[in-house]
2 protein chains.
Amino acid sequence: MPPAMNERDNDYLGSLRDYYAEARRIPSYQRICELMGFASKTAAKKLLDRLESAGFVERTPDDDAWMPTMRFFERPLADIAVRAGAPDMIEGTQGELLLIDQYLVRQPSRTVMVPVKGDSMIDAGIHDGDIVVVERAKAAQSGDFVVAIVDDEFTLKELALEKGKFVLKPHNPAYPVIRPQGQLEIYGVVTGLVRRYRG
Amino acid sequence: MPPAMNERDNDYLGSLRDYYAEARRIPSYQRICELMGFASKTAAKKLLDRLESAGFVERTPDDDAWMPTMRFFERPLADIAVRAGAPDMIEGTQGELLLIDQYLVRQPSRTVMVPVKGDSMIDAGIHDGDIVVVERAKAAQSGDFVVAIVDDEFTLKELALEKGKFVLKPHNPAYPVIRPQGQLEIYGVVTGLVRRYRG
DNA sequence: TGACATGGTGTACTCGTGGACACCATCCTA
DNA sequence: TAGGATGGTGTCCACGAGTACACCATGTCA
């Protein structure tokens, strides 16, 4: 992932970001020519090839088109770029309003957001009022955080193995381990979490 | 914007969302045929026309392609209160919806995402590797979590008052309170948090 | 100064894509 | 039970997209 990028390509990248913010796609070679002032589509292709090896774009899984990578949206903030240790930031501007969603949700059709009630997972940094991202029908492994259905209620716990049997382990010493009778009904696996501060 | 959508189109929409999560684009008519099992591209076009009038997709400004709308990214929000034996009702069209980015980001142009380094805020449920949502130029109050710049480095702490002066309080007994000399430089206020589990 | 890497031009070819049109099956309702 | 709205099929067409290739200008470095 060499960030080896010259000034010119950086400007091109900026134009691509602007276009993406409006159209949510990498423009066609022809559109790129218009945007950048190229006279030949080959220049556009070579540009994308360069951006690909720099890690800003990649081909879709079916190799049908270009798509942006996470890096496409990252940028250090200009006025502090000089400072040492400035981390890469993801600046959320208009068209990139979907970044968090894309970061968290892998299988939209199987994904449900579940609000967290109670503090039984407080030691795992999951608070009352947080919202967890749950992927249904995903094979749960020991160690995963899962949403299970116990006594007709949703409950969020860690799935753990105890003497060869699955149990639900809270992350709060005040709560007991749940040892289900018979079959344990898993609603889904927690794949992410969001929290909002200050109304 | 009539959400008037039948069950079938809802499934199609789900497939489109899954495809989009992988390829970051609306598939071509031909790909849609493969995904949905259509035999004719016209069916794909008509499907997108329907989804357009339902408000899930639209044309790009240059009319070159389809792009998803905000609605495309609404995720189902489980109603925890509904405990009784029908958790599958979430699958139904009805139920609450959540736009993750909209939930976390209120001022897109002033908001950046900053990855968390270290565990100085572990007792506040903010872990190494989490991503905090930071709103710049927001008036910070005592008690807010803030990203400050100390010794040319970014640091995430709670803003607190101590003897009438602002200090930066970690949420980890192993770290000391930071008492800045002179002016304290606040980069922004933490308004949200994002975490991902298990690659 | 000479050789090579790099970024851009121009041309030509092919296939995928979107779009139009006629037609068909099914469902719902009057 | 007739009729229309709806969702899907099959076919044809034109254009644009991506790609390959030969070539050129510029900058850089031994």
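Quick caveat: nothing in here was measured; it's all calculated off a predicted structure. Chain letters run A, B, ... following the sequence lines, proteins first, then strands; residues in each count from 1. Every heavy atom of this structure was used, including side-chain atoms; hydrogens, water molecules and symmetry mates were not.
- Within 6.0 Å of the CG atom in A:D63, the count of heavy atoms belonging to other residues, nucleotides or ligands exceeds 12.
- Phosphate contact (OP1/OP2 of D:dG10, side-chain N/O of B:S40, threshold under 4.0 Å): absent.
- Put simply, CG on B:D64 is 10 Å from P on D:dG16, counting in whole angstrom units.
- Looking at which nucleotide of DNA chain C each of B:Y29 and A:F38 is closest to, the 5′-most match is held by A:F38.
- Taking the side chain of B:A43 as heavy atoms from C-beta on, and the options C:dG18, D:dA20, D:dG8, the nearest nucleotide is D:dG8.
- At D:dG8, one or more side-chain N or O atoms of B:R50 fall inside 4.0 Å of OP1 or OP2 (strictly under the cut-off).
- There is a side-chain donor-acceptor pair under 3.5 Å between A:Y19 and B:D62.
- Taking atom CG of A:L51 as the reference point, atom C1' of C:dG7 lies 13 Å away to the nearest angstrom.
- Dashed line: the shortest gap from a side-chain N or O of B:K45 to OP1 or OP2 of C:dG18 is not under 4.0 Å.
- Atoms CG (B:N10) and C1' (D:dG7) sit 16 Å apart, rounded to a whole Å.
- When distances run from any side-chain atom of A:N6 to the nucleotides C:dG7, D:dT19, C:dT9, the shortest one goes to C:dG7.
- For B:Q30 and C:dT17, the shortest distance from a side-chain N or O to OP1 or OP2 is below 4.0 Å.
- A pairwise comparison of heavy atoms in B:E22 and A:M67 identifies O-CE, 3.3 Å as the closest pair.
- Rounding to whole angstrom units, CD1 of residue B:I32 and P of C:dG19 are separated by 11 Å.
- In this structure, CG of B:D49 is placed 13 Å from C1' of D:dT6, rounded to the nearest angstrom.
- Residue B:K41 is in base contact, counting any heavy-atom pair closer than 4.0 Å across all strands shown.
- Residue order along DNA chain D, read from the 5' end via each residue's closest nucleotide, puts A:R31 first among A:K46 and A:R31.
- As rounded to whole Å, 11 Å separates atom C1' of C:dG18 from atom CH2 of B:W66.
- A close approach under 4.0 Å does occur between a side-chain nitrogen or oxygen of B:Y12 and OP1 or OP2 of D:dG8.
- The side chain of A:R8 lies closest to C:dG7 when the candidates are C:dG7, D:dT9, C:dT9.
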Pair B:E34-B:R31, salt bridge (charged side-chain N to carboxylate O under 4.0 Å, His left out): steps then yes or no: CA-CA 5 Å; B:E34 298 171 14; B:R31 279 270 178 276; 3.1 Å; yes
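- Backbone-only engagement by B:A39 is indicated by non-hydrogen atom pairs under 4.0 Å involving sugar-phosphate atoms exclusively.
- Rounded to whole Å, the distance from CD on B:E34 to C1' on C:dT17 is 13 Å.
- One interatomic measurement links the two molecules: CG of B:L48 to P of D:dG8, which rounds to 12 Å at whole-angstrom precision.
- Here the closest heavy-atom approach between residue B:A44 and residue B:F38 is recorded as N-CD1, 3.8 Å.
- For the pair B:T42 and A:R59, nearest-nucleotide mapping onto DNA chain D gives the more 5' position to B:T42.
- Heavy atoms only, all atoms of each residue included: B:R195 and A:L104 are closest at O-CD2, 3.3 Å.
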